[in-house]
Amino acid sequence: MPPLTLQDPFVTDNHLLAVEKPARYLGGEMGSRPKDAPELRFVLAFPDVYEVGMSHLGFQILYHVLNGPEWLAAERVYAPWPDREAQLRAAGAPLTSLESGTPLAAAGIIGFTLQYELSYTNILNMLELSGIPLLAAERDQRWPLILAGGPCAYNPEPLADFVDAVLLGDGEEAVLEIAELCREWQQNGRDRQSLLERLADLPGVYIPSLFRIDYDTDGRIQTIIPLKDGYNRVRRRFLADLETAPFPSAPVVPLLKTIHDRVSMEVGRGCTRGCRFCQAGYIYRPVRERSPERILSAIDDALANTGYDEVSLLSLATGDYGCLTPLLRELMSRYAESKVAVSLPSVRVGTLSEELVEEVKRVRKTGFTLAPEAGSERLRRIINKGISEEELLKDASAAYNAGWRLIKLYFMIGLPGETEEDLAALVELARQVKWQGRQTGRGGEVNVAVSTFVPKPHTPFQWEPQIGYEETLGRQEFLRDALKRRKLNFKWHDAPLSVMEGVFARGDRRLGAVLVEALRRGCRFDGWGEHFNFSAWQAAFAAVGIDPRWYLRRRETDELLPWDHLDSGVTREFLLRERERALTGEATPDCRTGDCTGCGVCDFREIRMRIQPRDAAVGARATTRTEEAVPVEGVDRIRLRFTKTGTTRFLSHLEMINLFSRAVSRAGIPIRFSQGFHPHPKFSFATALSVGVESLAEYLDMEVAPGFGAEAVLARLNQALPKGMTVLEAWSVHPKATSLSVIMERVRYRVTLPMTVPSLSASAERFLALESHPYRREKKGGSQEFDLRLELHCLTVGDTVMTMEIGRGKPLEFVAAITGLPLSDLGECRIEKVAVIFREQGPGGGDQ
């Protein structure tokens, strides 16, 4: 296993030191696969910040698939945070991929994932930062193909002017076909229109420019006219069998903590529950499940290649997975002693057995969430949620009795048919859940999270109105007061964000002009509360002459909808039938256990439901990773000296802890863990190194199983650490040796100035002649005072280099005091930590 390599990003003059979380822009993570000179670069673009994009499993799957052919390279780019964007604009530097630093404009394909409507301005901003014309009509064959996919692709019309092609449905097979066509097109040198015509022949590929939209005088769509013969309607792409589908065994592991920091294992795709508000429940049909053997094998490989300490079993309804209990039992038996937790983020009320609860809590208690969606039985029948109050309270009681202290409840407001009585029922149901916790004698907290219902395309509620801004605020105020009286925690989705999501969820092509105007007014990261600028959006709508409230209205069932030429597989007749059932409060049964509901997705040959039997045998393997960790009793303490140079200097102390946590697991080192609900590897660093400082002398103590040996730790870690981070020495110390932070006396730094300072030697001599130099460091929590002269133990200077040994303080504080230069002028200095001076017994001595 060769050492990992971090790519040098745009880091001229330490630019990354001035941005939040530099690790977002480094690349070179575990599992990344840069390729030299591929025939085609397919850049996967996530229009949100790195931590969000790196948590998305679909992105990882496509990265794995696209890197299969030798001629094709998958690379990644994420939306730069505003501070990084400002740097790029000021320097005139383009947005580049993480793997090779290739400007996006030089790629062959840029594939944007459309996960959330409020990321649309980020897409335009990323194109602008890349120097790529925003409008598809202005791009010729010199520019990359702009592709989009994901759940929002089922109504991509607000982005129709900006993207060349849209992939509807499953992408594992289709992305390779698209890449092959682009490769051929580049080789033949044909015009751009010929590529679009060829792409339109691929199942699941929608070319917006091959349709013309006409509007009536009242604003509604009059006609959707195809401009290519036989290209009247685009049906989504189906992956027939998930069992044989490619899945990443060595996913990219980020250098910093992300939203979902774990191995994500997709156990099944699709859902048959038929909740009428849930777009995913319709556009991901039919249900296709992986076998437990395939799941276990993939998890084994992923844990070995990543070093994660948590596995998440993903599906729209993980609790419905055919043989979940035996699968979970086997997972826990394999990994419990390795302190690997298993989480079930989408367990449906009524599917959580006591055995499942007991298995999940064996390692540590991951989050526990229940989603009743509506407070009353009547409203749950309207939305076809299909759970009872009794089932919900039973699950809550089981969780509290198993030791959980907090349960999160998800609800929606603004559902069709909702009344004030339904809101009161929501409050009462949350109160009863809390009461289940009190009955255990250990208390019980409840977080009530409430979002606003947004009607989505391709659902039975796609015709329903969405409540507006003022009405949303009124219902939130009612809940805030009522829940506060019952001492229940309340979290809500901001009303302006819900309005904007609703506008673009069911919007048409005319909203493209609004997006351009909003971008011009500085709208970015609109899904982030601190960056969302509602007044700028209102001004953008006004400038274009569009009333956003028009898009929240009820749609007539005979009205032509913006997405009517896009076929999700579920028929319009079925959706209308489900809407009628909702109006009468009639439930639709789950076709997993009952008769086919006739939604139109399955052809019962290739496209059909593929589920695992509940009584399927889940065989245990002969050996486990934990068996390498013997013996159990006793501990060896290993002390390490390692480097932190090159781009690894941009990693924060917390990011370095995470990196080592994964590295020791990935390297198979039998590390010891702390006790308690959240065990973590037992190692401690000597000091926290400032971001941007290079070091040849970082020290770390770790506790491992006896007999493993310092040499083995050194060798294995050096195979699992990135370039720039190398273990130079490893030796055993007494288990009760004094900690590194106690035996440290001072640190030797070398500071290289970016310019020549006149009379530097004379300035150094004057400073050394001082008896005292008091200094105050201002911090958020107050200030610190110490004496710089007393903390300086040794100093030598050259023309532009200063070498110093200091106790307390930071190197640049001493440089500023010696030279008289302000700290603000020293940001370009290169700082190297070259040695640590310990007490007489040395770093390995401790109390030996």
Side-chain angles (χ1 to χ4, degrees), residues 40-45 47 77 79-80 85 88-89 92-97 102-114 119-149 152-153 155-167 178-179 181-182 185-186 188-200 205-215 224-228 231 234 504 507-524 540 543-546 562:
L40 182 71
R41 294 189 192 275
F42 193 131
V43 179
L44 294 168
V77 68
E85 177 192 339
L88 294 174
R89 290 187 181 277
L95 193 61
T96 60
S97 66
T102 298
L104 263 60
I109 303 173
I110 302 174
F112 285 98
T113 180
L114 309 182
S119 68
Y120 289 174
T121 53
N122 277 5
I123 294 174
L124 269 60
N125 192 43
M126 292 169 76
L127 291 174
E128 188 174 270
L129 287 171
S130 305
I132 298 172
L134 293 185
L135 296 177
E138 296 178 357
R139 298 193 291 266
D140 58 21
Q141 55 268 27
R142 295 172 297 170
W143 301 103
L145 179 79
I146 306 301
L147 178 69
C152 293
N155 178 30
E157 292 304 284
L159 293 171
D161 291 338
F162 314 110
V163 299
D164 298 304
V166 179
L167 174 59
I178 293 171
L181 271 183
C182 285
W185 170 68
Q186 286 185 345
N188 295 333
R190 292 195 293 266
D191 61 59
R192 194 177 190 85
Q193 187 61 30
S194 67
L195 172 64
L196 299 181
E197 296 275 351
R198 292 284 305 279
L199 288 170
V205 176
Y206 166 49
I207 308 298
S209 62
L210 296 181
F211 289 85
R212 192 184 81 223
I213 313 298
D214 294 332
Y215 301 92
I224 300 176
I225 302 174
L227 304 179
K228 173 181 166 68
Y231 192 58
V234 181
F504 284 96
D508 53 43
R509 296 188 179 188
R510 291 170 293 188
L511 292 177
V514 180
L515 287 171
V516 172
E517 183 65 23
L519 179 70
R520 189 183 69 80
R521 295 175 180 271
C523 293
R524 313 276 194 281
V544 175
I546 289 179

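Side chains included, hydrogens not; waters and symmetry mates left out as well; all remaining heavy atoms used. Bear in mind the structure is a predicted one, so any value in this text is a computation, not a measurement.
Under the 3.5 Å distance criterion, the side-chain polar atoms of Arg524 are matched with a main-chain donor or acceptor of Leu519. Using a distance-only test at 3.5 Å, with no hydrogens or angles considered, a donor-acceptor pair links the side chain of Arg192 to the main chain of Asp140. A side-chain donor-acceptor contact under 3.5 Å links Asp164 to the backbone of Ile146. Arg509 contributes a side-chain N or O that, together with a main-chain N or O of Pro208, makes up a donor-acceptor pair within less than 3.5 Å. At least one donor-acceptor pair under 3.5 Å links the side chain of Arg139 to the backbone N or O of Leu134. Counting only distance, with no hydrogens or angles, the side chain of Trp143 and the backbone of Gly108 share no donor-acceptor pair below 3.5 Å.
Of the inter-residue distances, the one linking Phe211 atom CZ with Leu227 atom CG reads 8.0 Å to the nearest 0.5 angstrom. Rounded to the nearest 0.5 Å, atoms CG (Asn125) and CG (Leu515) are 12.0 Å apart. In this structure, Leu127 CG and Asn122 CG are separated by 11.0 Å, a value rounded to the nearest 0.5 Å. To the nearest 0.5 Å, the span separating CG on Leu167 from OH on Tyr206 amounts to 13.5 Å. Summarising the geometry, atom CG belonging to Leu159 is positioned 9.5 Å from atom CZ belonging to Phe112; distances are rounded to the nearest 0.5 Å.
The shortest side-chain heavy-atom distance between Pro156 and Val163 does not fall under the 4.5 Å cut-off. Under the 4.5 Å side-chain criterion, counting only non-hydrogen atoms from C-beta, Leu210 is in contact with Glu197. Leu114 is listed as a side-chain neighbour of Ile123, based on a closest heavy-atom distance under 4.5 Å. Two residues are said to be in side-chain contact when any heavy atoms from C-beta on lie closer than 4.5 Å; Val234 and Val166 fail this criterion.
For Ala518 against Ala540, the heavy-atom pair with the smallest separation is N-CB, 3.8 Å. Heavy atoms only, all atoms of each residue included: Asp191 and Ser194 are closest at O-OG, 2.6 Å. In this structure, Pro562 and Glu157 approach most closely via the heavy-atom pair O-CG, 3.5 Å. Of all the heavy atoms in Pro144 and Ala107, the pair that sits closest is CB-O, 3.1 Å. Residues Ala79 and Pro47 come closest through the heavy atom pair CB-C, 3.9 Å. Of all heavy-atom pairs between Ile109 and Ala179, the closest is CD1-CA, 3.9 Å.
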Passes side-chain contact (heavy atoms from CB on, under 4.5 Å), Ile224 versus Ile213? Steps please.
-> CA-CA 5 Å; Ile224 300 176; Ile213 313 298; 3.7 Å; yes

Walk me through it: do Phe162 and Leu135 pass the test side-chain contact (heavy atoms from CB on, under 4.5 Å)?
-> CA-CA 5 Å; Phe162 314 110; Leu135 296 177; 3.8 Å; yes

side-chain contact (heavy atoms from CB on, under 4.5 Å) between Leu104 and Leu129: does it pass, once the steps are laid out?
-> CA-CA 9 Å; Leu104 263 60; Leu129 287 171; over 6 Å; no

side-chain contact (heavy atoms from CB on, under 4.5 Å) assessment of Ile207 paired with Lys228 | CA-CA 10 Å; Ile207 308 298; Lys228 173 181 166 68; over 6 Å; no

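Applying the salt bridge (Lys or Arg N to Asp or Glu O under 4.0 Å) criterion to Asp508, with sequence neighbours excluded, gives Arg510. Residues meeting the salt bridge (Lys or Arg N to Asp or Glu O under 4.0 Å) test with Arg89, sequence neighbours left out: Glu85, Glu128.
Screening Leu181, Ile110, Leu199 for a side-chain contact (heavy atoms from CB on, under 4.5 Å) with Leu145, the sole residue that qualifies is Leu199.
The aromatic rings of Tyr120 and Phe504 lie perpendicular to each other, with more than 60° between the two planes, well past the 30° mark.
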